[in-house]
Amino acid sequence: MAITRFAPSPTGYLHIGGLRTALYSYLWAKKTNGEFKLRIEDTDMARNSEDAVKAILEAFEWVGMPSDCAIEYQSKRIDIYKVYIDKLLENGNAYKCYMSKEELQALRDKQEANKETPRYNGTWRPERDKVLPEIPADIEPVIRIKAPISGTIEFADGVKGAMKFDANQVDDFVIARGSGIPTYNFVVAIDDHLMGITDVIRGDDHLSNTPKQIVVYNALGFDVPKFYHIPMINNPQGKKLSKRDGAMDVMEYKRLGYLPEALLNFLVRLGWSNGDQEIFSIEEMLELFDPNNINKSASAYNSEKLNWLNSHYIKNVSNERLSKELEFFDFHLVGHDKKEMILDLCKERANTIVELKESIEAILNLPTEYETAGVNKFIKENTMGMLKQYCELLRVNEKDLHIAPDIEAVTKPFISENGLKFPELFQPIRISLTGATQAPSVYDIIAILGLEETIKRIDTAIEINFGR
Ligand code: GLU
């Protein structure tokens with residue numbers, strides 16, 4: 001049973017890299033009958049915003065991955081962290097350091113000049129028989145943790161394999177500032193322990209924090225969780241994903257007309273696979289996902305794949321669901337007597353809900369203009385007569401023309417009897433009905449519009465000579 005968490009810092013919206021980490025954490029928890037927990041890491045008051053918290057929670061609601069516990073906010077847990085700082089001071093695993101900013105800077109400058117990695121030099125670290133400097137009066141001490149001086153810090157990463165850091169890569173880092181506010185790596189370790197987290201799945205940009213967090217676990221005698229550090233999502237050129245590539249607010253995907261199941265399906269495959277399977281329902285993800293199979297190398301964002309997945313889900317969700325999704329774009333089909341027919345037709349060609357809306361509008365709305373290139377190409381001298389004749393045919397058969405196959409049944413003989421080629425009839429009709437030559441099947445459009453509206457639109461086009 002895995003207890004996992006997602007721990008965003010609310011410095012901005014939730015982006016897709018974060019959502020993928022959350023998805024992996026969510027799937028692993030649910031697959032093992034464990035729990036998925038959300039924690040907001042909002043101790044950096046200067047960089048956090050309430051709006052960002054709201055945006056992150058909104059995104060989680062949209063994708064349907066609720067936290068199994070009340071959401072924890074680090075800003076409300078400062079007293080808890082103090083208890084553990086005191087514990088460490090008491091058990092001798094942490095100490096007060098009175099080094100001034102100037103002294104620290106001088107130390108750093110010297111180390112850099114000697115081409116050494118800047119690290120604390122242990123001036124205030126208590127050791128047996130060591131005499132510490134005299135405590136200066138004017139300095140609020142920071143609290144430093146006693147990190148091991150020699151040896152290695154090791155852990156088995158579920159993605160990267162055996163990880164080994166020389167202890168000298170971790171110095172006695174600060175766990176509480178002079179103001180008493182605890183630092184990032186300290187609170188993450190405390191929270192993960194107190195929240196019972198067994199499996200930490202996070203971006204590999206956090207890999208260098210892990211040895212520090214292990215120092216905290218060890219100093220407090222806590223069990224170290226299992227870590228999975230997942231490689232980044234890059235753009236197709238292998239560079240860091242930029243906004244233009246898709247590194248945007250998860251809610252922007254909603255605004256662009258993506259369905260959450262398509263986005264999650266897209267994300268689960270960015271860094272994990274099951275043979276060459278591309279489509280995964282949440283149920284299948286839950287059955288098959290295993291963080292131990294996460295790819296070791298970075299993945300590449302592919303917007304065509306996302307569109308393809310989205311069109312798959314648009315085709316396969318219910319029309320009722322599509323109507324709901326369209327309402328988000330202020331488009332209401334409620335009460336339209338051909339609603340099912342319209343959706344069945346238009347969902348076949350839409351990559352996004354926005355495209356779905358546009359293609360429905362292209363049929364339902366009166367054309368405001370006629371595509372010039374199409375008019376020049378398809379509206380010939382004999383077109384008007386042919387269209388009038390066709391409308392006549394529709395009228396005569398009015399009672400029997402309800403669905404696309406009925407219309408096809410009268411149209412096909414009309415085409416052959418008049419020695420026409422299909423586009424000679426269909427393109428002028430498409431232009432009359434929708435203004436454009438790119439539109440779904442004429443039979444479907446006529447069935448949706450109904451004969452009255454169809455004839456009216458054809459008459460209008462003829463009357464104004466297709467706007468010429
Ligand atoms: N708050 C960190 C971030 O937003 C995540 C910390 C973690 O997962 O350990 O990147």
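Order of listing sets the numbers, starting from 1, for every ligand and every atom in it.
Around ligand 1 you find Arg5, Ala7, Pro8, Ser9, Glu41, Tyr184, Val188, Arg202, His206, each with a heavy-atom distance below 4.0 Å.
Under the 6.0 Å cut-off for aromatic ring centres, Phe6 and Phe36 do not qualify, their centroids lying 6.0 Å or more apart. Two rings, from Phe266 and Tyr258, have their centers 6.0 Å or more apart. With ring centers used as reference points, Phe280 lies under 6.0 Å from Trp272.
The residue from Lys96, Arg144, Arg125, Lys146 that alone fulfils the salt bridge (charged side-chain N to carboxylate O under 4.0 Å, His left out) condition with Asp172 is Arg125.
Using a cut-off of 4.0 Å between Lys/Arg side-chain N and Asp/Glu carboxylate O, Lys296 and Asp157 are scored as not salt-bridged. Salt-bridge formation is detected for the pair Arg321/Glu325: a Lys NZ or Arg NE/NH1/NH2 atom is positioned less than 4.0 Å from an Asp or Glu carboxylate oxygen.
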